[in-house]
Amino acid sequence: METNDFKLLYNNSYFYDYTRGLLELKAVDIKEPTNEIQKIGFKDFEIVLQGICEYLGAEIPEKVVKPSAESLIAESTSVEHFQEFLRLISRGEMKDELLENQAQILFEAFEEGIEDYDYDDEFDFFEGINSWHSDWKFDAEEAEAIVSDLIDQDFKFDYPDETYSHDLFPYIQKELAKQELELMSYDTKGDSYLFFVANKNEVDRILELSELTKIEIDQL
């Protein structure tokens, strides 16, 4: 904080005598708390301080270890987020022109406050993405056919007898994980799934973008 000409002052007394409390403020060294209250409070306050510095644009020296490796300032949703979202859920297979057009349509809908992106239940924004719209009821053979189509190769998996529908997901995911893939679904707001397959190492980012774009994606 001293790098940016700030100093943190502290006093945990005189709740009713603010003048006296202000006059007896003491400089604080977060790295050397003087009691248990400070030890507990300063640990969380380091995160608050990082957020304050980021918000004010105050420099945080490289030698300072940040409590959070990621920025604490929420991202502002942009058309680039929709482009990244479409690129990830299509595993890079969506053509650039279509991706940019669809991202622009989605972004404009987002700015207008439209909450449902299912355009007459046709899921137009999934054009160019290898996806499968399925009823909530399906058996293992249907699941194998669905995933085979999604990954463009023959897909088989082991499962217990008399296992159906969502109970098959753990066994599907186990087999897909061998290829670093994961089955996901767009939230259709109904009794159906809109399946797609994502790269496993991109799932966390897809979920982050799902929150930013308000396009709800379900892990299965």
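Atom set for the values below is all heavy atoms of this structure, side chains included, hydrogens, waters and symmetry mates excluded.
Closest approach of H133 and S192 over heavy atoms only: NE2-OG, 3.1 Å. Contact detail for L86 and A103: the closest heavy-atom pair is CD1-N, 3.6 Å.
T188 places a side-chain heavy atom less than 4.5 Å from the side chain of Y186. By the 4.5 Å heavy-atom criterion applied to side chains, Q83 and E100 are counted as neighbours. The side-chain heavy atoms of E182 and E202, taken from C-beta on, include no pair separated by under 4.5 Å. Within the 4.5 Å cutoff, no side-chain heavy atoms of Q153 are placed close to those of S148.
When the side-chain contact (heavy atoms from CB on, under 4.5 Å) test is applied to E93, no partner is found at least two apart in sequence or on another chain. Scored by the salt bridge (charged side-chain N to carboxylate O under 4.0 Å, His left out) test, K95 finds no partners at all (sequence neighbours excluded). Not a single salt bridge (charged side-chain N to carboxylate O under 4.0 Å, His left out) links K137 to another residue, sequence neighbours left out. With sequence neighbours excluded, the residues satisfying salt bridge (charged side-chain N to carboxylate O under 4.0 Å, His left out) with E84 are R205. For the salt bridge (charged side-chain N to carboxylate O under 4.0 Å, His left out) test, no residue two or more places apart in sequence or in another chain qualifies with K174.
The pair K200-E180 fails the salt-bridge criterion, with no side-chain N (NZ, NE, NH1 or NH2) lying under 4.0 Å from an Asp/Glu carboxylate O. Using a 4.0 Å cut-off between charged nitrogen and carboxylate oxygen, K156 and E175 do not count as a salt-bridge pair.
Note that CG of D187 is 4.5 Å distant from CG of D218, once rounded to the nearest 0.5 Å. Atom-to-atom distance recorded for E80:CD and T77:OG1 is 11.0 Å, nearest 0.5 angstrom.
Other cluster members for L176: W132, W136, F138, I146, V147, L150, I151, F155, F157, Y159, L168, F169, Y171, I172, L181, L183, Y193, F195, V197, L220, joined by side-chain heavy-atom distances under 4.5 Å among Ile, Leu, Val, Met, Phe, Trp and Tyr.
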Exercise. Kindly indicate, with the supporting measurements, whether the criterion side-chain contact (heavy atoms from CB on, under 4.5 Å) is fulfilled by L209 and L88.
Key: CA-CA 10 Å; L209 291 167; L88 293 182; 3.9 Å; yes

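If you look at F110 and F82, their ring centroids are closer than 6.0 Å.
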